Amino acid sequence: MQTSSEEARQAIITVLASIPCGYVCTYGTVAKLAGQPGKARLVGYILKHLPESSNIPWHRVINSQGLSSFPVDTDKYLLQISKLRSEGIRTSTGRISLKEYLWLAG
DNA sequence: CCTTTGACGCTTG
DNA sequence: ACAAGCGCCAAAG
């Protein structure tokens, strides 16, 4: 089946909405789970342009280093960390343990 | 049309 | 552990 960009986008949205509370997922992993390996940047683009009505848990998506993709001194960063902490994720060091919190499909 | 930019990731040295 | 280079896709200039 030919994966049109439209289908790829929808697949990524579905994966994003499926990340369970208390877990996180990296951009690259989301792309891979959506059947679009290597398209991590597309995930980032979609998240940035999310409509407000969407219930996508954007805060559960971090980069492969276990860090937030936002600069530390921004509100977005603080909001993301705050949300993750409220879900029981330990972020005392500012870094999130992927070994412990990374969500894998099934 | 061509070039830059961006909520990224993997490989090498 | 850290930096540089390349790949990746879509939108904006």
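Below, chain A is the first sequence line, B the second, and so on; all start at residue 1. Both backbone and side-chain heavy atoms feed into the values below; hydrogens, waters and symmetry mates do not. Everything quoted here is computed from the prediction, not taken from an experiment.
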Original post:
Under 3.5 Å, is there a donor-acceptor pair linking the side chains of A:Ser69 and A:Tyr27?
Top reply: yes
**OP:** May I ask you to verify if any side-chain N or O of A:Ser69 is less than 4.0 angstrom from the OP1 or OP2 atom of B:dC8?
**Re:** yes
**OP:** Look at the side-chain N and O atoms of A:Ser68 and state whether any lies under 4.0 Å from the OP1 or OP2 oxygen of B:dA7.
**Re:** no
**OP:** Examine A:Leu104 and A:Tyr101 and state if one hydrophobic cluster contains both, with Ile, Leu, Val, Met, Phe, Trp and Tyr joined whenever side-chain heavy atoms are less than 4.5 Å apart.
**Re:** yes
Original post:
For atom P, what is the distance between C:dA1 and B:dC10, given to the nearest Å?
Top reply: 16 Å
**OP:** Let me know the distance between CD of A:Glu6 and P of C:dC9, rounded to the nearest Å.
**Re:** 16 Å
Original post:
Where each residue is assigned the nucleotide of DNA chain B containing its nearest heavy atom, which of A:Lys32 and A:Leu50 is assigned the position nearer the 5′ end?
Top reply: A:Leu50
Subject >> Distance, C1' atom - from C:dG7 to B:dG6, rounded to whole angstrom >> reply: 15 Å
Subject >> Pairwise C1' distance for B:dT5 and C:dC8, with rounding to whole Å >> reply: 14 Å
**OP:** When you get a sec, tell me which of C:dA10, B:dC10, B:dA7 is the closest nucleotide to the side chain of A:Phe70?
**Re:** B:dA7
Subject >> Spacing of A:Arg95 atom CZ relative to C:dC2 atom C1', expressed in whole Å >> reply: 15 Å
Subject >> Under 3.5 Å: donor-acceptor pair, side chain of A:Tyr23, backbone of A:Glu100 >> reply: no
Original post:
How far, in whole Å, is B:dA7 from C:dC6 if one measures between their P atoms?
Top reply: 23 Å
**OP:** Round to the nearest Å and state the distance from A:Lys39 atom NZ to B:dG9 atom P.
**Re:** 16 Å
**OP:** Mind calculating the distance between CG (A:Asn63) and P (B:dC10) to the nearest angstrom?
**Re:** 10 Å
Subject >> Donor-acceptor contact below 3.5 Å, side chain A:Thr29 vs main chain A:Cys25 >> reply: no
Subject >> Among C:dC8, B:dG9, C:dC9, the one nearest A:Leu42 by side-chain distance >> reply: C:dC9
**OP:** May I ask you to verify whether the side chain of A:Tyr27 and the base of B:dA7 hold a donor-acceptor pair under 3.5 Å?
**Re:** yes
Original post:
Nearest-Å distance, CG (A:Leu16) to C1' (B:dA7)?
Top reply: 11 Å
Subject >> Residue A:Lys48, side-chain heavy atoms: nucleotide from B:dA7, C:dA10, B:dG9 that is nearest >> reply: B:dA7
Original post:
So which nucleotide from B:dG6, C:dA11, B:dC8 ends up closest to the side chain of A:Tyr45?
Top reply: C:dA11
Subject >> Gap between atoms CD and P, on A:Gln65 and C:dA3 respectively (whole Å) >> reply: 10 Å
Subject >> Rounded distance (Å) that lies between atom C1' of B:dA7 and atom CD1 of A:Ile81 >> reply: 13 Å
**OP:** Give the rounded distance in Å between these two atoms: CZ of A:Arg60 and P of B:dC8.
**Re:** 20 Å
Subject >> A:Arg60 side-chain N/O to A:Ile19 backbone N/O, donor-acceptor pair under 3.5 Å >> reply: yes
